[in-house]
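What follows is a short report on a single structure.
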Amino acid sequence: MKAEIAKNFLFSQTNKTIAIMYRTHTCGELRIKNVDEEVTLSGWVQRIRDLGAMTFIDLRDRYGITQLVIDENSSKQLIDTFQELGREYVIQAKGSVKERSSKNKNIPTGEIEIDLNSISILSPSKVPPFTIQDETDGGDELRMKYRYLDLRRDVVQKNLILRAKVAHAIRSYLNNENFIETETPVLIKSTPEGARDFVVPSRMNPGEFYALPQSPQVFKQLLMIGGFDKYYQIVKCFRDEDLRADRQPEFTQIDCEMSFVEQNDILNTFEGLTKHLFNEVLEVEVSEFPRMPYFEAMERYGSDKPDIRFGMELKNLTETVKGNNFVVFDSAEYIGGICAEGCASYTRKQLDQLTNWVKRPQIGSKGLVYVKCNEDGTFKSSVDKFYSQDDLKKWAEVLDAKPGDIIFVLSGEKNQTVSALCELRLEMGNQLGLRDKNTYKPLWVVDFPLLEWDDESKRFHAMHHPFTSPKPEDTSMLESDPGKVRANAYDLVINGVEIGGGSVRIFNSELQSRMFDLLGFTPEEANNQFGFLMNAFKYGAPPHAGIAFGFDRLVSLFAGLDSIRDVIAFPKNNSGRDVMIDSPSLVSEGQLKELSLKLDMKEK
RNA sequence: GGUGGCGUAGUUCAGUUGGUUAGAAUAUCGGCCUGUCACGCCGAGGGUCGCGAGUUCGAGUCUCGUCGUCACCGCCA
């Protein structure tokens, strides 16, 4: 379904500027109306079915598959050439379109076939290391090593075509809204804040390095000061951090900035873009996006990127459950629970499995307490020794649990327990089928804290980035109680995935200096790192705000995939390697010398 | 940096409590086959069980190390 939409949108079944020398039609194009036409097709041999006196060849290109036929009446040249063919040979086939005597309803070209006059081999193929089919026999590693073969598979092409379609829809929407697409440099300057930079040595400036941008943040702000008013760019960004299924060292952002706007203008504009994309790409209407303050999201879902496709909200039980001599609870900083509807019938085995699940180091809980709310109004819990039926009834009231439901309770240190409950909630959502991939529930999470205390470096860090403006009504607390200050910062969250984030920026050099001061920069360091920006603020900086969307994540969400690798043509593996070109790699002594570099490596 | 899973034929995998000659499917090659479309049938070839050490009469199987890969935690303003 999605594949069809994607293909039809950008590319019809017809190759629009066909070169007659190689083909008159594509392999997805011919129909019953073309019968008796003389045609030339080119493509890859998908499969050969040799029935003895008669042979069928499936010829494939990105538009589809067309069946070629050879029989015992065919010319010797044809039969000789056919003998040489194997999977993935690139051939050119000439013949006439015929109606099939037995039709295949499963493919669009299934009513016709090509009665061949001649075949020529344009390019032979070794036996490929895995089959080029939707359900390939190749594993991930092999597919990545031969990514150019993997890219021939329809399911992979479908994802990249979807990506092209999303990019197209973004550009057409933003161009229509008068945004100007502007490129910003890729070789820039390393900064201490944020993620680790990729660095590039400079030959002409020995001992000095460029950094690759983690985002074009300062450049888009300078474009606002440059009067560009509405900017966007679909741009590669780089972060030298460990990878995940949804994190690559180079990834693509839809980067946007606007002048003379406040937070609401940004939210409205990009809610519009998001709705447009859902509409254009998936033909899905999504309703108004709720706006939820950060603290509410943390309270109700234990996460700043809640999946609001389902309820099962977290409830604080700390006050309710303490004081019954149950040491685990009495000694806990925080006790919280969730209520899973209709799960009172969970078996001992299921409960044991969940208990083991929360005890995994990644979750890190010590154990799982449950309360079954029986249909007859009684309760059965794993802590009946400590709690009476009346006690458990109070728990059920807090969690709004009905007969037939089950309550899960975790306890411990507050942050750890809340995030464990959040994970448990998502896991239960999965188990109960509450996270349907075809349901989309976006929301804005707003009012993020401006700063975050970091125990390791014993200082505040910008939660978003150092250019984010505090809420005006909180500015007075900047020095007295920095942790309390809220920012004009917002995230777009869809189905529990952080799709985008942005903020209203500081556009006043004095306030920007206060921010750098709070973040532990000396005035010299601030001037050294960001003097150009502070200076620019002194020449008439307009109020401005912006946002960046994770393009890869957005496309994988649209494609219904969990990994962004599937929507990137040439992704890197878990260790940041491209196994096809085998990078990163060593460079020659000569190159190092030219760059004035010496390696200091342990034995490898 | 850490936790866990996986690593066996070209490929995807199975391999019981440590015990005879390591299997299946698929791919490849050969033969048969006139309506297939995951064609079918018959046959053949194909193995450094990731690598190294250890335990043992005996290791694909157990232990340790190492490499690769995947998922996650830390990290990712």
Side-chain angles (χ1 to χ4, degrees), chain A residues 46-60 65-74 86-88 98-107 109-111 113 126-146 149 191-197 214-215 217-218 237-249 251 356-357 359-364 416 419-420 423 448-452 454 456-457 459-468 487 489 498 501-503 515 519 548 550 562-563 565 572-577 579 604:
Chain A
Q46 173 77 20
R47 182 171 277 114
I48 299 168
R49 289 181 295 277
D50 183 354
L51 273 62
M54 169 168 248
T55 298
F56 301 100
I57 299 170
D58 284 343
L59 191 67
R60 184 198 73 235
I65 282 180
T66 299
Q67 177 167 283
L68 315 176
V69 192
I70 301 170
D71 61 30
E72 55 194 354
N73 302 322
S74 300
R87 282 163 55 210
E88 299 306 312
K98 298 287 182 228
E99 182 172 3
R100 292 199 199 181
S101 61
S102 59
K103 300 191 167 71
N104 183 352
K105 293 196 180 94
N106 299 321
I107 58 172
T109 61
E111 288 194 297
E113 62 197 4
K126 289 170 62 175
V127 174
F130 54 89
T131 58
I132 313 296
Q133 297 167 3
D134 288 2
E135 296 295 324
T136 181
D137 61 7
D140 290 346
E141 196 181 347
L142 196 70
R143 286 172 42 216
M144 288 308 150
K145 185 166 178 189
Y146 296 92
L149 297 181
T191 59
E193 286 286 300
R196 224 173 264 122
D197 284 317
Q214 300 171 30
S215 97
Q217 183 60 35
V218 291
C237 301
F238 306 86
R239 290 177 191 174
D240 185 9
E241 297 292 346
D242 285 10
L243 289 82
R244 290 285 189 281
D246 62 350
R247 271 166 31 191
Q248 286 270 304
F251 60 101
N356 287 334
W357 190 86
K359 283 169 137 176
R360 286 162 52 228
Q362 281 83 353
I363 306 293
Q416 184 278 326
S419 74
E423 293 298 328
F448 277 80
L450 183 70
L451 301 161
E452 213 173 12
D454 180 51
E456 209 171 302
S457 57
R459 69 170 179 92
F460 281 102
H461 283 243
M463 192 149 179
H464 190 57
H465 57 55
F467 317 109
T468 300
E498 183 192 329
S503 63
M515 263 304 278
L519 295 172
D562 294 324
S563 169
R565 285 176 208 178
K572 307 230 179 330
N573 76 6
N574 236 13
S575 327
R577 301 198 68 87
V579 293
K604 202 178 170 183

Testing B:rG35, B:rA71, B:rU3 for proximity to the side chain of A:Leu51, the answer is B:rG35
Tell me which nucleotide among B:rA27, B:rU69, B:rU34 gets nearest to the side chain of A:Val127. B:rA27
Using purine N1 to pyrimidine N3 plus N6-O4 or O6-N4 for Watson-Crick, or N1-O2 and O6-N3 for G-U wobble, each under 3.5 Å, what pairs with B:rU26? B:rG10
Name the pairing partner of B:rA38, where a pair is Watson-Crick or G-U wobble with both distances under 3.5 Å, or state none. none
Base of B:rG74 paired with side chain of A:Glu241 (donor-acceptor, under 3.5 Å): no
Could you grab the distance from atom CD1 of A:Ile57 to atom CG of A:Asp50, nearest 0.5 Å is fine? 9.5 Å
Nucleotide B:rC70, atom P - distance to NZ of A:Lys572 in whole Å: 13 Å
5'-most by nearest nucleotide on RNA chain B - A:Asp242 or A:Asp71: A:Asp71
Suppose we call a contact any N or O donor and acceptor under 3.5 Å apart; does that hold for the side chain of A:Arg247 and the base of B:rC75? yes
Please report, rounded to the nearest Å, how far the P atom of B:rA38 is from the CZ atom of A:Phe56. 13 Å
Rounded to whole Å, please give me the gap between CD1 in A:Ile107 and P in B:rC39. 12 Å
Nearest of B:rA27, B:rU36, B:rA71 to any side-chain atom of A:Ala245? B:rA71
Identity of whatever pairs with B:rU63 - Watson-Crick or G-U, under 3.5 angstrom: B:rA53
Which one is paired to B:rC72, where only Watson-Crick or G-U wobble pairs with both distances under 3.5 angstrom count? B:rG2
